[in-house]
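This report refers to the structure that appears directly beneath it.
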Protein chains: 2
Amino acid sequence: MTTIKDLAKAAGVSITTISRALNGYSDVNEKTRKRIQTIADQMGYRPNAVARSLVTKKTRTIGVILSEINREGAKDSLAFETLCGINDRAVELDYDILLFSTNPKKQLSKSYADLCKERNVDGAILSGLRLHDPYLEEVVHKTNFPCVLIDIPAESRNVGHVTTDNVRGAVSAVNHLLGLGHRRIAMINGHDEAAVSQDRLEGYRQALETAGIPFDPKLIYNGGFREEGGFEAMYGILYQHPDVTAVFSASDLMVLGALRALERLGHRAPERMSIVGYDDIAIAAHCSPPLTTIRQDRYEMGYQAAQLLVDMLENRDVGRKITLQSELIVRQSTAPLSG
Amino acid sequence: MTTIKDLAKAAGVSITTISRALNGYSDVNEKTRKRIQTIADQMGYRPNAVARSLVTKKTRTIGVILSEINREGAKDSLAFETLCGINDRAVELDYDILLFSTNPKKQLSKSYADLCKERNVDGAILSGLRLHDPYLEEVVHKTNFPCVLIDIPAESRNVGHVTTDNVRGAVSAVNHLLGLGHRRIAMINGHDEAAVSQDRLEGYRQALETAGIPFDPKLIYNGGFREEGGFEAMYGILYQHPDVTAVFSASDLMVLGALRALERLGHRAPERMSIVGYDDIAIAAHCSPPLTTIRQDRYEMGYQAAQLLVDMLENRDVGRKITLQSELIVRQSTAPLSG
DNA sequence: CATCCTTTCCAAAACGTTTCGGAAGCTCGT
DNA sequence: ACGAGCTTCCGAAACGTTTTGGAAAGGATG
């Protein structure tokens, strides 16, 4: 591996001059700069980022902490889309990405904060964490490490936040059902440790209230964002509340489970039950029936998150919160109330 | 940020002793080791990985180069599953992952080799690259940088290779169609720059040959692994070879396009055309009809790739090639030849 | 000719570790 | 009492950069 020293020897100048030449400082003669550059190219010199980081204290690296990086996570590619967005913007801004997975099974031996400290990433993007994740609280509150959170509300000097308007998304989902004539509308929510669940519940509530329909907490089921949870929730709905004709689910994945439950009991969507999901995962357009759902642009969220983080890192004065809009996609899992 | 020096001052010993105590060397008294450890914990000391790397020349980081990290790549989550596998094993082995995306649009300013050199990753895993990618050739041949390739045949002291048995996978796909009575079987392949395409074509050929059916190159269409390509291929098949009753496609994604083409022309699978795909992407089980396909375990491939790379890095003497098996999944896009 | 800028270069320190080669201080056998 | 052999510690060098604070040389200015 050729180092700056080798170049210095080869060019007959000091390492200072090499460094300053290659980094485009003005205090080196253009002729020697050119000469050094060609020598560097010839010798295939690549600056050692590790050594550089040690002195500059910057790594041009952002840590990406996703909880959904695991075998099961592949079915809905939400995390992946987010990652793609982060990656694309990071590449454009000339940052590298250090991937910290979180292994929910065995407790991490090191906290995220420790990881970030050790590896000296300049900042981090966190997604898929539970609201009261102790490590999250640590990184956000105890350190003032620059980070941006996806779908976790928190803001400060060093903490940014990107999310979608989940309340409005839920409102439009439920309004769609109301518009079709449904009045008994159940909800399959995720879990209490997700901010989006709270918001989507709030939207559900608001939409009902606006329509003059009393809120019935018995109609709220938690499916934990898992397919199996959706299955069980739909089972419960059908048995405990046979008058329900429509369901708003906080994720498409849970809808897949719910559809299975329907089918198991000899029913079909949308005839027996109109269902609107959330996320617009790839399967949503292809399953049977294709899902009416709320699309959120995870790629864009990742892209914006990377942008926001780098803005923060480079001290640009920008807002700390980004809220993207979501969009109702009407397919065939919803239909007018019949009879 | 507390450093080893701070600890030395606080503990009243030299930095050498701190270092050796924390790293568990035997030449430090157990009592002082404990004392140092508690002081380190109290002060929240985290060793600076950058500084450490500079001297040890190891980063415990592996570079992951995936071509499919982009907005379109999200539909089939192959890359993501691979990444999950890599990540899981890497975490277990205490390695970190540095993600190098490849942006196919704008040519990269730096080659992968340069990236790896600069960032001092210990090794790399490459996937989704074209056979004659110039950067690939560079990293594999000109440098002897340790890397493992996924689905790209190459082996050497520092180059490992994990793939699935694509010939056998294709054979079982075509045999399945033959077993259903089909004789005119077309193939929608990927592109010539993919090793898997060559192998799957070979398997298609072998299966036909064994069945005593002459190989007809006119029945081979290239769809470039893209949904749109599958659409066009199926269009071509229907118009140019109306006697074809079955299709073997080198990817499920292309099958989705092919199904659209069928539908557009008023046909359905499997009645008009039996189709078997490849990959078993998430959508395959949910689309209509559910796809008969060859499942390959991308997660496992990533997992094994990470294991192999680390084995190589840590000088364990293991085979350089890993071939996983694939599995025929029969669903409803194939049916016995009628009439 | 002395002075003062500019231009172009450089030596040395610093970043936070690991590691090499000792060096004290003990214990112990003789 | 003396050297051998442990145990426990340490100073200093090294890793490959960037950056600070000049310094030498040359030209312009008075």
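Chain letters run A, B, ... following the sequence lines, proteins first, then strands; residues in each count from 1. Side chains included, hydrogens not; waters and symmetry mates left out as well; all remaining heavy atoms used.
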Taking only the side-chain nitrogens and oxygens of [X], find out if one of them lies under 4.0 Å from OP1 or OP2 of [N].
| X | N | answer |
| --- | --- | --- |
| B:T17 | D:dC10 | yes |
| B:Y25 | D:dC9 | no |
| B:N23 | C:dT18 | yes |
| A:T3 | D:dG16 | no |
| B:S19 | C:dT17 | no |
| B:K57 | D:dG16 | yes |

Between [atom2] on [N] and [atom1] on [X], what's the gap in Å once rounded to a whole number?
| X | N | atom1 | atom2 | result |
| --- | --- | --- | --- | --- |
| A:R60 | D:dT17 | CZ | C1' | 16 Å |
| B:K117 | D:dG16 | NZ | C1' | 15 Å |
| A:R52 | C:dG16 | CZ | C1' | 18 Å |
| A:K9 | D:dG16 | NZ | C1' | 14 Å |
| A:N48 | D:dT18 | CG | C1' | 13 Å |
| B:N120 | C:dT17 | CG | C1' | 15 Å |
| B:K5 | C:dT17 | NZ | P | 9 Å |
| A:I18 | C:dT8 | CD1 | P | 16 Å |

May I ask you to decide whether [X] forms a salt bridge with [Y], counting only side-chain N to carboxylate O separations under 4.0 Å?
| X | Y | answer |
| --- | --- | --- |
| B:R20 | B:D27 | yes |
| A:R298 | A:D151 | yes |
| B:E118 | A:R46 | yes |

If you assign A:M1 and B:I15 each to the DNA chain D nucleotide with the nearest heavy atom, which residue ends up on the more 5' nucleotide?
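The residue closer to the strand's 5' end, by nearest nucleotide, is B:I15.
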If you pin B:R20 and B:L54 to their nearest nucleotides in DNA chain D, which one's is more 5'?
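It is B:R20, whose closest nucleotide lies nearer the 5' terminus.
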Checking A:N158 side chain against A:N144 main chain: does a donor-acceptor pair fall under 3.5 Å?
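Pair found, side chain donor or acceptor close to backbone of A:N144.
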Give a yes or no on whether the backbone of B:T3 and the side-chain of B:D6 come within a donor-acceptor separation of less than 3.5 Å.
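Present.
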Within the sub-3.5 Å range, which N or O atoms of nucleotides 6-8 of chain D have a protein N or O partner, and how far apart are they?
| unit_1 | atom_1 | unit_2 | atom_2 | d |
| --- | --- | --- | --- | --- |
| D:dT8 | OP1 | B:N29 | ND2 | 3.1 |

Looking for any heavy atom pair under 4.0 Å, which part of the strands does B:V13 touch: base, sugar-phosphate only, or nothing?
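Sugar-phosphate, no base atom in range.
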hbond_proxy A:T16 side chain to C:dA11 base (donor-acceptor, 3.5 Å cutoff):
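It does, because a donor-acceptor pair links the side chain of A:T16 to the base of C:dA11 below 3.5 Å.
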Separation of A:S67 OG from A:L136 CG (nearest 0.5 Å):
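Result: 11.0 Å between the selected atoms.
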Does B:D192, at its CG atom, have more than 12 non-hydrogen atoms belonging to other residues, nucleotides or ligands within less than 6.0 Å?
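12 or below, so no.
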Count the heavy atoms belonging to other residues, nucleotides or ligands that lie under 6.0 Å from CZ of B:R157, then report whether that count exceeds 12.
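Open.
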Looking at D:dG11, C:dG16, D:dT17, which one has an atom nearest to any side-chain atom of A:Y45?
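It is D:dT17.
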